[in-house]
Structure formats: C-alpha cells, structure tokens
Amino acid sequence: MRAIQAATYGDSSVLSLNDAPVPEPGDDEALVKLEYAGINFIDVYMREGRYKESRTYINSPPFTIGMEGSGTIAKTGPGVSHIKEGDRVAYCLSLGSYAEYAAVPAWRLVKVPDDVDLQIGAALMLQGCTAHYLSHSLFPLEEGHTCLIHAAAGGVGQTLVQLAKLRGAYVIATAGTDEKAEIARACGADFAINYNETDFAQVVEDITDGRKADVVYDSVGAATYERSMKCLKKRGTLALFGAASGRVPPIDPIELAESGSIVLTRPHPADSMQNFSEINNRAQDLFGHIAAGRLKAVIDTVFPIQDAKTAHDTIEGRLTKGKLLLEI
Ligand code: NDP
C-alpha cells in the first residue's frame with residue numbers, strides 16, 4: 001500500500017510516499033480502508049520529535065504519520081463486536097492514517113451516520129472532539145460565561161467558537177489576520193480581533209468593563225500564555241491546550257496565585273477520549289449538530305496523499321482557515 005512515512009524526526013522534508021505492507025489487524029483491532037486522513041498540529045509535533053519522549057504517544061522513526069482518518073472497515077481482528085466489514089467509520093489518536101490501510105484499536109472507531117459525509121467524519125474526530133471536550137467538559141460553558149479563544153479561524157478554533165455559542169457563552173476571538181478575524185466572526189464570535197495588531201488583553205479588559213474572561217482557550221502557547229493569564233477573572237481557567245508558537249516555559253505556581261488564583265491545565269487529547277463511550281458520545285453529539293444544521297465542519301483544503309508535505313507546510317505556515325485533509 002501507499003503510505004506517507006517519516007524516515008527520521010525533522011522538518012516536512014522528512015516525509016516521503018513509500019510502499020509499505022498492509023497491516024494485519026490483531027486482537028481487538030480492525031483494518032480500516034482509509035478514504036481521508038486528517039491533518040493536525042499533533043502530526044507536526046510527532047514529525048519534529050517533540051513527542052519523542054511522550055509516554056502517551058509512543059513513536060520512533062521510521063513511522064507512518066497521521067493520527068486521524070475515516071473510511072470503511074475492510075477486516076476485523078479477533079474480539080471485535082461493535083463494528084463489522086463495510087461499516088463507515090472514523091477515528092483519531094491511532095498512529096498511521098496517512099496510508100491506504102491502518103490497523104486501529106476497535107474501541108477508537110465510531111460509526112459515521114449515513115447522512116454525514118466521510119470527509120466530515122475525518123474532519124471532526126480530533127479537532128472537533130477536542131473542541132467538544134474544551135467547551136463541554138474541561139470548562140462546561142453556559143449562558144453568562146465569557147470565553148477567549150485564540151487562533152479562532154483554525155481547525156479547532158472554528159469548531160470551538162461554534163460550540164461555545166451553542167452553549168450560550170459570550171465569545172471573544174483572536175486570529176492572526178483581519179481576514180481570519182472575519183472568519184471567526186462568521187462562526188459566531190461576538191467580538192474578533194487580529195492579535196498581531198491589537199493587544200488582546202486590553203481588548204478583553206475593555207469590552208468586559210474589567211470583569212474579564214471565565215476561561216481562556218489558548219493553543220498558541222509561548223507567544224500568548226502570559227497575556228492570557230491577565231485576561232482571566234479571579235479563579236478563572238487557563239486551558240493551555242497547544243503550543244503552535246512554541247512550548248511554554250515552566251511556570252512558578254505562585255504566579256497562578258498572583259494572577260488571581262487561576263486554574264491552569266495542559267490537556268492531552270488522549271485524556272479527553274479515554275474510552276469508546278467517551279469518544280462515541282462526543283463524536284455522535286457533533287454528528288447530530290452537523291445533521292441538524294447547527295454546526296458547520298469547515299473544510300479548508302483536501303490534498304492528494306502525495307502532497308502531505310505541502311499540507312504540513314500549510315498548517316505550520318499559519319495558512320489554515322479550517323480543516324486540512326488528505327484524500328487517500
Ligand atoms: P490550526 O488550524 O488552528 O493551526 C494553528 C494556528 O495557530 C495557526 O493557523 C495560527 O493561527 C496559530 N499560530 C499562532 N502562532 C503560530 C505559529 N508561530 N506557528 C504556527 N501557527 C501559529 O491547527 P489545529 O486546529 O490542528 O490545532 C490548533 C491547536 O490546538 C494546536 O496548537 C494543537 O496542538 C492544539 N490541539 C490540542 C489538542 C489537545 O487536546 N490538547 C487536540 C487538538 C489540537 P493565527 O494565524 O490565527 O494565529
């Protein structure tokens with residue numbers, strides 16, 4: 001089969017399209033014939049080796065890259081009961097989706113309803129379920145809450161803005177250009193700014209009349225976290241869920257106290273999708289919103305599999321305006 005592999009850790013030039021053996025599904029696994037693979041920032045972190053010491057996402061080159069996909073079940077291994085050959089499925093957080101076939105732990109696979117396209121299935125698993133976790137579990141938003149969402153025109157960002165609005169929160173959004181701020185507004189953000197031109201901490205202070213935000217969803221990391229802390233009410237929550245601009249340095253706990261006894265968390269997606277029931281509940285909730293027209297899965301570009309390098313350059317180059325997919 002064809003597979004995009006990383007021969008070693010490094011920049012996008014380490015990716016190449018290779019011939020690889022079709023994997024054999026083991027106990028409690030299923031073989032997925034992939035139609036789409038999702039491109040995510042975690043693929044960049046994996047490729048660069050930022051997770052080389054991770055105990056959660058074990059990897060060592062050479063490996064087939066990609067942590068998200070959709071397609072149909074080609075074969076099931078021993079012990080698999082909730083899915084069968086021919087089912088339309090989607091999944092995330094199992095390595096090896098930039099390929100024609102992947103052997104995936106069956107508990108990670110959810111069925112995609114007939115009225116939901118497989119493109120949308122792939123698009124919603126990692127970014128969508130993360131946005132669901134952030135808005136429904138990590139800090140369950142409700143009417144009366146104010147949230148600040150960084151990189152709001154990106155893959156997670158656009159879904160998070162929409163879900164936050166569905167929960168009734170007041171949404172302040174940031175993005176790297178005026179055009180992207182407009183995208184965040186089109187997703188429903190009450191207020192959106194270009195944070196390369198405007199000090200977002202001052203904006204939050206001004207438009208909330210000094211009350212500030214209950215929660216900041218910050219996936220940008222190094223470039224924003226200090227000012228994000230300043231945007232929070234006393235005992236507010238900083239959900240630092242990514243590091244697109246670089247890793248955040250160690251923080252002295254007393255800084256959290258001095259910032260108003262804020263709660264800081266750095267979630268891994270693996271912990272927001274711990275078992276089949278949790279993944280399926282999040283995914284089916286999102287699919288239901290899609291089918292009912294309450295949520296839009298914003299697909300930016302679908303690249304052919306051989307253009308995986310360009311797809312990585314696009315996400316790293318801050319050029320995404322929604323989800324990037326590979327068509328297998
Ligand atoms: P995006 O499509 O949002 O792309 C990342 C965005 O980050 C860019 O478009 C850019 O938006 C912003 N950004 C700011 N500074 C930089 C920089 N120096 N280099 C590159 N991008 C920068 O990607 P995803 O939706 O896939 O992921 C968004 C974030 O969420 C990532 O940090 C990712 O790691 C994290 N994530 C975390 C999960 C979790 O559970 N912990 C799960 C899934 C994703 P702009 O130009 O508007 O600033």
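Indexing begins at 1, ligand by ligand and atom by atom, following the structure's order. Only a predicted model underlies this, so the values are computations on that prediction, with no experimental measurement involved.
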Atom 12 (C) of ligand 1: closest protein heavy atom, distance to 0.1 Å, is Ala151 CB, 3.9 Å

Atom 5 (C) of ligand 1: closest protein heavy atom, distance to 0.1 Å, is Phe41 CE1, 3.5 Å

Side-chain heavy-atom pair Tyr195, Val220 within 4.5 angstrom cut-off: yes

Min heavy-atom dist Tyr133 to ligand 1 below 4.0 Å: no

re atom 24 (P) of ligand 1, the protein heavy-atom contact at minimum distance is Gln127 NE2, 3.4 Å

Here the gap from Ile73 atom CD1 to Leu31 atom CG, rounded to the nearest 0.5 Å, amounts to 8.0 Å

Between Trp107 and Gln274 the two heavy atoms that sit nearest each other are CZ3-O, 3.5 Å

re atom 30 (O) of ligand 1, the protein heavy-atom contact at minimum distance is Phe241 CE1, 3.3 Å

Candidates Lys180, His150, Lys323; heavy atom nearest atom 11 (O) of ligand 1 found on Lys180

Are Phe287 and Val32 connected into the same hydrophobic cluster when the rule is that any two of I, L, V, M, F, W, Y join if their side-chain heavy atoms are below 4.5 Å apart? yes

Exercise. Measure up the Tyr57 and His268 rings against each other and bin them: parallel (under 30°), tilted (30 to 60°), perpendicular (over 60°).
Key: perpendicular

In this structure, atom 39 (C) of ligand 1 is nearest to the protein heavy atom Pro269 CD, 3.3 Å

Any nitrogen or oxygen of Ile315, main chain or side chain, under 3.5 Å from a nitrogen or oxygen of ligand 1? no

### Message
Using modelled atom types and a 3.5 Å cut-off, is there a donor and acceptor pairing between side-chain atoms of Tyr217 and backbone atoms of Leu134?
### Response
yes

Nearest non-hydrogen contact to atom 19 (N) of ligand 1 from the set Ala244, Ala270, Gly317 belongs to Ala244

Rounding to 0.5 Å, atoms CG (Leu17) and CD (Gln5) come to a distance of 9.0 Å

Could you establish whether Ala243 and ligand 1 come within less than 4.0 Å of each other, counting only heavy atoms on the residue side?
yes

the protein heavy atom lying closest to atom 18 (N) of ligand 1 turns out to be Ser245 CA, 3.4 Å

*Test of proximity, Thr174 against ligand 1: N or O pairs below 3.5 Å*: no

_I'd like to check whether Pro267 has a polar contact with ligand 1, where a contact means an N/O of the residue lying under 3.5 Å from an N/O of the ligand._
yes

Heavy-atom proximity to atom 25 (O) of ligand 1 ranks first, among Leu138, Leu160, Thr177, Val156, for Val156

Salt bridge Arg282-Glu278, side-chain N to carboxylate O under 4.0 Å: yes

(Q) Tell me whether Asp87 is salt-bridged to Lys84, with the criterion being a basic N under 4.0 Å from an acidic carboxylate O. (A) yes

Can you tell me if Ser245 uses its side chain to pair, donor with acceptor, with the backbone of Ala223 under 3.5 Å? yes

If you scan protein heavy atoms around atom 47 (O) of ligand 1, the nearest is Gly176 N, 2.7 Å

Of Lys233, Lys234, Arg167, the one forming a salt bridge (Lys or Arg N to Asp or Glu O under 4.0 Å) with Asp214 is Lys233

Taking only non-hydrogen atoms of Val220 and a 4.0 Å limit, the atoms of ligand 1 in range are 14 (C), 15 (N)

When distances are taken from atom 21 (N) of ligand 1, the protein heavy atom at minimum range is Arg318 CG, 3.3 Å

Near Gly154 (heavy-atom distance under 4.0 Å), the atoms of ligand 1 are 1 (P), 2 (O), 3 (O)

(message) Is there a side-chain contact between Ser12 and Arg47 in this structure, where contact means two heavy atoms from C-beta onward sitting under 4.5 Å apart?
(response) yes

Near Glu316 (heavy-atom distance under 4.0 Å), the atoms of ligand 1 are 19 (N), 20 (C)

Test side chain to side chain donor-acceptor pair (under 3.5 Å) applied to Tyr36 and Asp117, step by step:
CA-CA 11 Å; Tyr36 297 98; Asp117 195 279; 5.1 Å; no

* Kindly confirm or rule out an N or O of Tyr45 lying under 3.5 angstrom from an N or O of ligand 1. => yes

Ligand 1 atoms nearer than 4.0 angstrom to some heavy atom of Ala175 are 47 (O)

Is any N or O atom of Asn40, backbone or side chain, closer than 3.5 Å to an N or O atom of ligand 1?
no

